[in-house]
Each structure stands twice: as C-alpha cells, then as structure tokens.
Amino acid sequence: MTDQADLERGYRRLLAWYPGEFRRENGQEILAVLMAGARDGQRRPGLAESADLIRGGVWMRLRPSVPRSARTVQAAVRLVYAGAAVSAAGLIIGLALIIVDIQVAARGQFLGQSLTAHKPLVITVWIVVGLAGVSMWLWMARANGQGRNWARILSVVLFVLATLQLRGAFTRPGSHAGFGVTVLYYGGAVLFVVAWLAGGAAVWLLWRPASTAFFKPPGSTQALHQAHMAELDRLRSSRARSPRQV
Amino acid sequence: MILTALANGSQHGYGIIIDVREISGGRVRLRAGTLYSALDRLRADALIVVDREEVVDGRLRRYYRLTPAGTGRLAAEAARLQAAASAALTRLNLAGGMAT
C-alpha cells in the first residue's frame with residue numbers, strides 16, 4: 001500500500017509541470033490513468049513516462065491556445081519562437097566575442113570599437129540585456145498565442161525598438177580584429193537582422209484581419225461575456241466533482 | 001488513433017490507451033502525457049466532448065465521445081489513408097506484374 005502512495009506522490013510531483021488550470025481540470029483523471037497503468041509493486045514513475053509528462057506539461061505551457069483555425073496567429077507564434085532561437089544564438093555569439101575581446105585585451109591589443117573597457121559591469125549588463133531580449137521573445141510568443149491583445153500591441157512597440165537598434169548591427173569591427181572575430185561579428189549582425197525580419201513578419205501576421213478575430217479587446221462586452229461563461233463552467237464542473245471528496 | 005478508439009462509443013482515458021494498443025496490434029503504447037495533450041487539443045477543436053464523469057474506486061473517470069465534427073474528421077482521414085493504401089497496392093501489383 002505504501003508503494004502505491006509513493007508512486008502517487010511521484011506522479012503528483014510530475015503533474016506540477018502542467019499549468020494550474022489544466023491540472024485542476026484534468027489532474028485527478030490523469031492520475032487515475034497513470035495509477036491504472038502502473039505495474040504491480042511499482043514505486044516510482046518510470047523514466048520514459050516521466051519524460052512524457054514533463055514534455056506534455058512544458059508544451060502545454062508554451063503552445064498557443066488559440067484554435068488551430070487561427071492560421072495567421074499560429075504562424076506568427078512560430079515566427080516569434082524562431083526569433084527567440086535566433087536571438088539566443090546571437091547571445092552565444094556575443095559571449096564568444098566578449099571572451100575573445102578579453103583575451104585580446106589581456107595581450108594589450110584592442111578591437112577598435114568593442115565592448116568598451118571590458119568592465120565586468122558592462123559585460124554583466126550586456127548579458128542581462130541579452131537574456132532579457134530572449135525572454136521577451138518567449139513571453140511575446142506565449143501571450144500572443146493566448147490571444148492577448150496587449151501582447152499584440154507590445155509586440156509592435158518591441159519591434160519598433162528593435163528597428164531603432166538595427167543601425168547598431170551594421171557597425172564595423174575594429175581594425176585589429178582577426179578573421180575569426182570578423183566572422184563572428186558579421187554572424188551576430190546577420191542573426192540580428194534575421195530575428196528582426198522574423199519579428200516584422202510576425203507583427204504583420206498578428207495585425208492581419210484574419211488574426212484580429214482571435215484577439216479579445218480588453219473590457220469589451222464580448223470578453224466579459226466569455227469570462228462569465230468560463231466562470232459558470234467552472235462552478236458547474238466543481239459542483240459535478242464535489243461528491244468525489246465525500 | 002484516438003478518434004478511432006472513440007468511434008464505437010464513449011471511452012475513458014485508460015480505456016483509450018488499451019484500445020489504441022489493440023487497434024495497432026500492440027505497436028502504439030500511448031502514454032498519459034501524450035494522451036492528455038492530444039485530448040486537450042481535440043477538445044479545443046471540438047472534435048470530442050466529455051460524455052460523462054464517473055467515480056470508480058475513489059478515482060475520477062471522464063468519458064469522451066466524438067462530436068459530429070469528430071466523426072467527419074475521422075471519416076475523411078480514413079478515406080485518405082485508404083486512398084493512399086490502395087494506390088500503393090495498385091502500384092505494387094503493377095510492378096509485380098511487370099517483373100514476372
């Protein structure tokens with residue numbers, strides 16, 4: 001019996017990867033399925049089923065919740081995820097450049113215009129800004145995938161800011177830069193432009209008339225109505241389930 | 001596969017897993033995570049709905065069934081697979097005939 005309690009606890013821990021709302025709605029049911037599928041005397045969740053649950057939970061948190069018929073929104077979200085991947089790659093290139101920069105500086109040479117004087121503070125700020133950029137992409141992908149109108153507006157603002165930065169991507173590396181550094185440098189610039197294009201395309205898709213239908217304008221009567229219906233559903237389902245606890 | 005499992009009446013989660021294993025001749029073993037991601041998607045697309053809920057041994061069982069849209073999707077998908085399979089068989093027969 002304690003084996004079973006152990007196993008159930010293990011499964012519960014894995015279910016924590018799922019979004020809270022989904023867990024409240026389906027958690028008990030999934031747990032029942034997991035326990036029904038367990039082998040006799042099994043004490044811990046298997047590796048493969050753990051991986052499957054974690055993947056399911058993470059995917060459920062990240063994936064767009066707008067219906068599949070919202071093709072333009074789905075495509076835009078995919079582009080934004082691609083932008084996140086590209087900007088993460090850019091961040092890695094940037095880190096490589098910083099390392100090269102520090103090495104060269106240690107030898108007393110400088111890469112012309114570079115990360116100023118390689119002060120730890122400057123480098124830290126640069127890394128934080130880079131990480132914030134990647135998180136912004138991920139955040140936008142998620143919020144737009146959920147059909148939030150503010151996310152659609154914020155996407156435009158971020159895109160405009162990125163456009164202002166675009167000029168910076170075309171500055172030249174210093175004259176002391178070796179071949180490898182030059183490649184890295186232009187690689188980084190190209191990635192920035194690619195990410196910018198992906199962002200631009202995503203913003204364009206998000207504001208197509210086909211997308212607008214899936215974005216709920218805040219405070220509109222329709223959104224209010226939907227919220228009411230959701231609340232009613234929740235009440236109904238909680239009442240339907242309450243006998244279980246008795 | 002999941003739609004097929006629901007084609008002759010409502011099923012609960014574990015029932016679907018067993019059914020899919022049987023339909024596939026033991027090749028497809030659905031895991032709970034995969035199953036519920038799929039069920040969630042199918043529900044969002046209104047291809048299936050919750051039929052009823054039961055409590056068995058203190059555990060919640062939710063039964064799902066196909067909606068008319070789900071039946072339509074399954075029929076279309078089955079027809080597509082059949083067309084692909086018969087095209088393959090026709091060509092194999094043709095190739096076999098030429099080889100002999």
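By convention in this document, chain letters (A, B, ...) are assigned in the order of the sequence lines, proteins followed by strands, and residues within each chain are numbered from 1.
- Separation of atoms CZ (B:R31) and CD (A:E49) is listed at 6.5 Å; rounding is to 0.5 Å.
- Atom OG of B:S37 and atom CG of A:D52 lie 7.5 Å apart (nearest 0.5 Å).
- The neighbour count for A:W207 CH2, taken as heavy atoms of other residues, nucleotides or ligands under 6.0 Å away, is above 12.
- Of all heavy-atom pairs spanning B:Y36 and A:M60, the tightest one is O-CE, 4.1 Å.
- In the displayed structure, B:R52 atom CZ is contacted under 6.0 Å by more than 12 heavy atoms of other residues, nucleotides or ligands.
- Remark: A:R71 CZ is loosely packed, at most 12 non-hydrogen atoms of other residues, nucleotides or ligands lying under 6.0 Å away.
- Heavy-atom contacts from other residues, nucleotides or ligands closer than 6.0 Å to CZ of B:R21 number more than 12.
- Atom-to-atom distance recorded for B:Y14:OH and A:L34:CG is 10.5 Å, nearest 0.5 angstrom.
- With a threshold of 4.5 angstrom between heavy atoms, A:A51 does not approach chain B through any atom at all.
- By the 6.0 Å contact criterion, CG on A:L47 is open, its count of non-hydrogen atoms from other residues, nucleotides or ligands being 12 or less.
- Between the CG atom in B:L39 and the CD atom in A:E29 there is a gap of 7.5 Å [rounded to 0.5 Å].
- For the pair A:E25 and B:R62, the minimum side-chain heavy-atom distance is below 4.5 Å.
- Contacts with chain A were tallied for B:V50, B:V56, B:L35, B:T34; B:T34 has the most, counting heavy-atom pairs under 4.5 Å.
- Taken to the nearest 0.5 Å, the CG atom of B:L60 stands 10.5 Å off from the CG atom of A:L31.
- The candidate from A:W59, A:Y18, A:F22 with the greatest count of non-hydrogen atom pairs under 4.5 Å with chain B is A:F22.
- Electrostatic pairing of A:E8 and B:R59 counts as a salt bridge here, judged by a charged N lying under 4.0 Å from a carboxylate O.
- The heavy-atom pair separating B:A32 from A:V33 by the smallest distance is CB-CG1, 4.3 Å.
- Only the side chain of B:R43 comes within less than 4.5 Å of a heavy atom in chain A; its backbone stays farther off.
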